[in-house]
Amino acid sequence: MYDYLIVGAGLYGAVCARELTDAGKSVLVIDKRPHIAGNVYTEKIEGINVHKYGAHIFHTNNKEVWDYVQRFATFNRFTNSPVANYKGELYSLPFNMYTFNKMWGVVTPEEAAAKIEEQKKEAGITEPKNLEEQAISLVGTDIYEKLIKGYTQKQWGRECKDLPAFIIKRLPVRLTFDNNYFNALYQGIPIGGYTKMVENMLSGVEVRTSVDFFGHKDDLMAEAQKVIYTGPIDAYFNYSLGNLEYRSVRFENEILDKPNFQGNAAVNYTDTETPWTRIIEHKWFEFGKDEEGNDLPKTVISREYSSEWKKGDEPYYPVNDEKNGKLYEAYKELTEKETYVIFGGRLGEYKYYDMDQVIAIALNRIKKIK
Ligand code: UDP
């Protein structure tokens with residue numbers, strides 16, 4: 001009999017497992033995939049740590065979380081600066097003076113601010129009610145049309161008018177020449193890959209991979225006093241109230257026999273015609289070098305195709321709009337009857353959490369348990 005069964009060996013599960021083990025509890029972690037680390041899983045290909053379920057750049061303002069992850073990995077100095085490719089025109093991201101200069105030829109911050117204000121006024125937006133209005137009121141119509149509209153519609157499979165404004169507020173808008181995609185005090189990639197970091201978190205913890213919780217639910221639950229479930233909340237209840245919507249991503253990975261494909265870790269394709277949303281060139285998360293500092297002769301790229309989730313796909317992004325919000329609340333009510341189960345993480349709580357938020361909520365949860 002274990003004190004805790006943890007379903008899912010991603011970040012939420014791994015942090016809970018570490019904290020509970022250190023508090024003297026017996027823990028069993030299971031994951032349906034043949035490996036640990038959930039969607040932050042990295043795999044070494046041609047000497048490059050490939051982010052197999054999409055690019056993950058660790059960034060946080062939370063000192064406690066930053067100190068916490070340092071226990072399990074050394075982070076490199078990677079700073080995320082994606083490039084937007086609109087029909088062959090390249091723009092700097094996030095939206096900053098380089099972007100405004102390329103878009104409008106403006107040179108000073110005042111000129112850029114005036115241009116945004118002018119376009120916002122023309123659009124007649126006072127209180128933005130959706131992603132489109134929010135975007136235009138932040139950066140004007142030109143940038144919305146070229147750098148946001150197409151990308152967002154591909155990413156979410158919905159019109160910008162039908163999406164919540166908060167999604168675009170994730171991106172900074174700056175009247176400075178700062179290409180750092182995040183407004184975070186701390187940022188980097190774990191040297192040696194995320195898998196190694198999660199492996200360190202799980203050291204000394206019993207982990208069984210390739211175990212499907214739902215295939216053995218009764219047996220597994222009989223093995224533990226309490227359960228921490230990090231899978232999709234609607235799946236736990238067998239979709240009894242209906243499906244929550246998720247976006248899924250398909251990755252087309254390619255090994256190229258050249259040292260440099262696009263010169264940057266991430267290039268976003270912001271037009272509607274290009275079928276992929278972005279191309280990740282993984283070696284640039286580690287400056288194109290192996291751990292000994294040697295240049296790598298080959299490169300690995302991943303094209304990301306976004307799609308509506310259907311049963312059997314991997315869920316990546318919860319669609320946090322009103323309709324799904326209501327359905328989630330209904331599922332949340334059901335969890336109150338499951339007193340021996342804790343639901344947590346991006347899928348367990350149906351929230352668009354970043355990695356640092358997942359770690360913070362896991363740590364808080366365990367503090368409460370303690
Ligand atoms: N976005 C955009 N153009 C871009 C990059 C992002 O319009 O080139 C919008 C898009 O709606 C996206 C949101 O900004 O969903 C948040 O982007 P972020 O990079 O934070 O998403 P992530 O890839 O981290 O999930």
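Both ligands and their constituent atoms are indexed starting at 1 by order of listing. Given the structure is predicted, the values throughout are model-derived calculations rather than measurements. Side chains included, hydrogens not; waters and symmetry mates left out as well; all remaining heavy atoms used.
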Legend entry - Ser92 and its side-chain hydrogen bond (donor to acceptor under 3.5 Å, both in side chains) partner, picked from Asp178, Asn179, Thr99: Asn179

Inset, instruction - With salt bridge (charged side-chain N to carboxylate O under 4.0 Å, His left out) as the test, would you mind laying out the steps for Arg18 and Glu199 before giving the verdict? - result: CA-CA 11 Å; Arg18 174 79 274 129; Glu199 218 171 80; over 6 Å; no

Inset, instruction - Select the closest option to atom 5 (C) of ligand 1 among Val267, Leu147, Asn268, judged by heavy-atom distance. - result: Asn268

Inset, instruction - Classify the contact between Arg278 and ligand 1 as side chain, backbone, both or neither, using a heavy-atom distance cut-off of under 4.0 Å. - result: side chain

Legend entry - Summary of salt bridge (charged side-chain N to carboxylate O under 4.0 Å, His left out) pairs that have at least one residue in residues 1-12, sequence neighbours excluded: none

Legend entry - From CA spacing to verdict: salt bridge (charged side-chain N to carboxylate O under 4.0 Å, His left out), Glu245, Lys323: CA-CA 9 Å; Glu245 291 175 303; Lys323 175 178 121 193; 3.3 Å; yes

Legend entry - Interfacing atoms of ligand 1 (cut-off 4.0 Å, heavy-atom, Gln155): 15 (O)

Inset, instruction - Answer with yes or no whether Lys149 contacts ligand 1, where contact means a heavy atom under 4.0 Å from a ligand atom. - result: no

Legend entry - Residue Thr270 vicinity, atoms of ligand 1 by number, heavy atom under 4.0 Å: 8 (O)

Inset, instruction - Please state which part of Leu163 comes within less than 4.0 Å of ligand 1, counting heavy atoms only: side chain, backbone, both or neither. - result: neither

Inset, instruction - Show your reasoning for whether salt bridge (charged side-chain N to carboxylate O under 4.0 Å, His left out) applies to Arg71 and Asp22. - result: CA-CA 14 Å; Arg71 285 173 42 195; Asp22 290 350; 3.8 Å; yes

Inset, instruction - Indicate yes or no: does an N/O atom of Tyr151 lie under 3.5 Å from an N/O atom of ligand 1? - result: no

Inset, instruction - Could you tell me which atoms of ligand 1, counted from 1 in the order shown, lie closer than 4.0 angstrom to a heavy atom of Leu171? - result: 1 (N), 6 (C), 14 (O), 17 (O), 20 (O)

Inset, instruction - Answer yes if the side chains of Arg170 and Asn183 hold a donor-acceptor pair under 3.5 Å, and no otherwise. - result: no

Legend entry - Derivation and outcome, salt bridge (charged side-chain N to carboxylate O under 4.0 Å, His left out), residues Arg77 and Glu286: CA-CA 9 Å; Arg77 62 161 187 84; Glu286 301 172 309; over 6 Å; no

Inset, instruction - Enumerate the atoms of ligand 1 whose separation from the nearest heavy atom of Ile148 is less than 4.0 angstrom. - result: 7 (O)

Inset, instruction - Examine Tyr317 against ligand 1 and note whether any of their N/O atoms are separated by less than 3.5 Å. - result: yes

Legend entry - Element-labelled atoms of ligand 1 that are located less than 4.0 Å from some non-hydrogen atom of Ile167: 11 (O), 13 (C), 15 (O), 16 (C)

Under 3.5 Å, which donor-acceptor pairs do the side chains of residues 248-261 form with other protein atoms, sequence neighbours left out?
| residue | atom | partner | partner atom | Å |
| --- | --- | --- | --- | --- |
| Ser248 | OG | Glu314 | O | 2.6 |
| Arg250 | NH1 | Glu252 | OE2 | 3.0 |
| Glu252 | OE1 | Tyr305 | OH | 3.2 |
| Asn253 | OD1 | Ser302 | OG | 2.7 |
| Glu254 | OE1 | Arg303 | NH1 | 2.9 |
| Asn260 | OD1 | Gly263 | N | 2.8 |

Legend entry - Nitrogen or oxygen of Thr152 less than 3.5 angstrom from that of ligand 1: yes

Inset, instruction - Identify, by atom number and element, the atoms of ligand 1 in contact range of Ile168, meaning under 4.0 Å from any of its heavy atoms. - result: 9 (C), 14 (O)

Inset, instruction - With heavy atoms of Tyr352 as the reference, note each atom of ligand 1 found under 4.0 Å away. - result: 21 (O), 22 (P), 25 (O)

Inset, instruction - State whether the side chain of Thr270 and the backbone N or O of Tyr151 hold a donor-acceptor pair below 3.5 Å, judged by distance alone. - result: no

